[in-house]
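Protein chains get the first letters and strands the later ones, always in sequence-line order, with residue 1 at the start of each. Reckoned from all heavy atoms, side chains included, excluding hydrogens, waters and symmetry mates.
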Amino acid sequence: MINHTILTFAAAREIVGAASFKTDLAPGATVSDLRARILEAYPAFGELSDFAIARNEAYALPEEVLVEGDELVIIPPVSGG
Amino acid sequence: MINHTILTFAAAREIVGAASFKTDLAPGATVSDLRARILEAYPAFGELSDFAIARNEAYALPEEVLVEGDELVIIPPVSGG
Amino acid sequence: MIDVQISDQPLSIDTCYNTVQDPSCGGICLFVGTIRNHNQGEDVSRLEFDSYDGMALKEMRKIGEEVLELYDLKSVVLHHRKGALDIGDVAVIIAVSSVHRKAAFAGCEWVIDRLKERVPIWKKEFRGDGSFWINARP
Amino acid sequence: MIDVQISDQPLSIDTCYNTVQDPSCGGICLFVGTIRNHNQGEDVSRLEFDSYDGMALKEMRKIGEEVLELYDLKSVVLHHRKGALDIGDVAVIIAVSSVHRKAAFAGCEWVIDRLKERVPIWKKEFRGDGSFWINARP
């Protein structure tokens, strides 16, 4: 298993109650797998309009494979400007 | 005859060589008549792309009748901004 | 609110911004027209604006009234310079405020387009090939 | 030229203007987004921005690169505030310069539209009916 630290901001931080949390996934797991794990660990994410996952400071596609050391961040719907 | 003073700006002032000139027109003369008189007195106005006539600080229609004391101004193509 | 001015002194973006700023408005669009160093393939060294002030202010105010009718805006400011200007100097500032940004952009562009069509202000460019009242000749 | 910043200090319109100003450009369009005192029918008292700075700056720079490709612009500036803001405070400034004004308006509006779509910055409103991360809930 690979350990991943997931960072949170804004509404995601309120749901998790912390600036980050740890989870482990099998080698070869994708962004899509991480998404399922997040919803399993924190069902309240299902109540957001939507959320994206950023990998190494860019929006990640569902099929991208996670690598140890990736910077992974939950991106709730943005509202800058 | 009614005496009118015509004010000039920009390219019109260069053609006339002064900030104003005087002309007289019969009572009942229109903006269109004034236009013809301007072209007669200063044929160089025919070399402009176009010009308008303002009467009392608003663009005048050709059929408007001139009245003694009107503020009359030649408006060459504008180029503000 | 409508504020129109023609000035022989430098224009201030801050003044225009502060005039339209309003706690009910989330979007302010400003257009700043400056003196370019070239036009029609020629180098421009400086510029003069002539203005028929009385009528120009009336036309600017009419444009302000019309844009407030056409677009969902709170306030509009039009300030125009006259006299002698150098490259980079500010010739005109338009500022509009709105609850929503789309109206702010559309209204601001509408104002500068109308100003260039009908406000009796004239620009004389001093360039390599002579000095010209812009738009005057075919 | 592209300049992007996220700051916990007040933003300056003059700084943004001076950064895009260029002697070859005749038109500068600025958009200033401020904190409104109302939203969705509720009074807003204050606001907080959270920002994922590293990615937000990268996305802002990408938007800058894209707008310079799509529109005939010389320079683009995007400055965004973070932290606690009061009503009337400036949340964002976009400034773009161009030889021609049509491109300046279109490019500036394109930038703020994209910023609101994809830059990871989040607004929490404190209002009469509670505090909410905007857009988070259906």
Inset, instruction - Supply the atom-to-atom distance A/S79 OG to D/E117 CD, rounded to the nearest 0.5 angstrom. - result: 13.5 Å
Legend entry - Greatest number of heavy atom pairs closer than 4.5 Å to chain D - which of A/D50, A/V73, A/L7, A/N56: A/V73
Legend entry - Heavy-atom neighbours of D/K82 NZ exceed 12 at 6.0 Å: yes
Legend entry - CD (A/E63) with more than 12 external heavy atoms under 6.0 Å: yes
Legend entry - Side-chain heavy atoms of D/M55 within contact of A/R55, under 4.5 Å: no
Inset, instruction - Report yes if the side chains of A/R13 and D/W122 come closer than 4.5 Å at any heavy-atom pair, otherwise no. - result: no
Which bit of [X] comes within less than 4.5 Å of chain A, counting heavy atoms only: side chain, backbone, both or neither?
X	answer
D/T34	neither
D/D50	side chain
D/F49	side chain
D/K116	both
D/A91	side chain

Can you give me the closest heavy-atom contact between [X] and [Y], atom names plus distance?
X	Y	value
D/Y52	A/A54	CE2-CB, 4.2 Å
D/K123	A/G81	NZ-O, 3.0 Å
D/N135	A/V78	ND2-O, 2.8 Å
A/L48	D/P138	C-CD, 4.2 Å

Legend entry - Which portion of A/Y59 sits near chain D, non-hydrogen atoms under 4.5 angstrom: both
Inset, instruction - Among D/G54, D/S51, D/G33, single out the residue with the greatest number of heavy-atom pairs under 4.5 Å to chain A. - result: D/G54
Side-chain atoms of residues 96-105 of chain D: list all donor-acceptor pairs with protein atoms under 3.5 Å, sequence neighbours left out, distances to 0.1 Å.
{"residue": "D/S97", "atom": "OG", "partner": "D/V20", "partner atom": "O", "Å": "2.9"}
{"residue": "D/S97", "atom": "OG", "partner": "D/S75", "partner atom": "N", "Å": "3.3"}
{"residue": "D/S98", "atom": "OG", "partner": "D/D72", "partner atom": "O", "Å": "2.7"}
{"residue": "D/S98", "atom": "OG", "partner": "D/H100", "partner atom": "N", "Å": "3.1"}
{"residue": "D/S98", "atom": "OG", "partner": "D/H100", "partner atom": "O", "Å": "3.0"}
{"residue": "D/R101", "atom": "NE", "partner": "C/D113", "partner atom": "OD1", "Å": "3.0"}
{"residue": "D/R101", "atom": "NH2", "partner": "C/D113", "partner atom": "OD1", "Å": "2.8"}

Using a 3.5 Å cut-off and no angle test, enumerate the donor-acceptor pairs between side-chain atoms of residues 56-63 of chain D and protein atoms at least two apart in sequence or in another chain.
{"residue": "D/K58", "atom": "NZ", "partner": "A/E57", "partner atom": "OE1", "Å": "2.9"}
{"residue": "D/E59", "atom": "OE1", "partner": "D/R118", "partner atom": "NE", "Å": "3.2"}
{"residue": "D/E59", "atom": "OE2", "partner": "D/K62", "partner atom": "NZ", "Å": "3.1"}

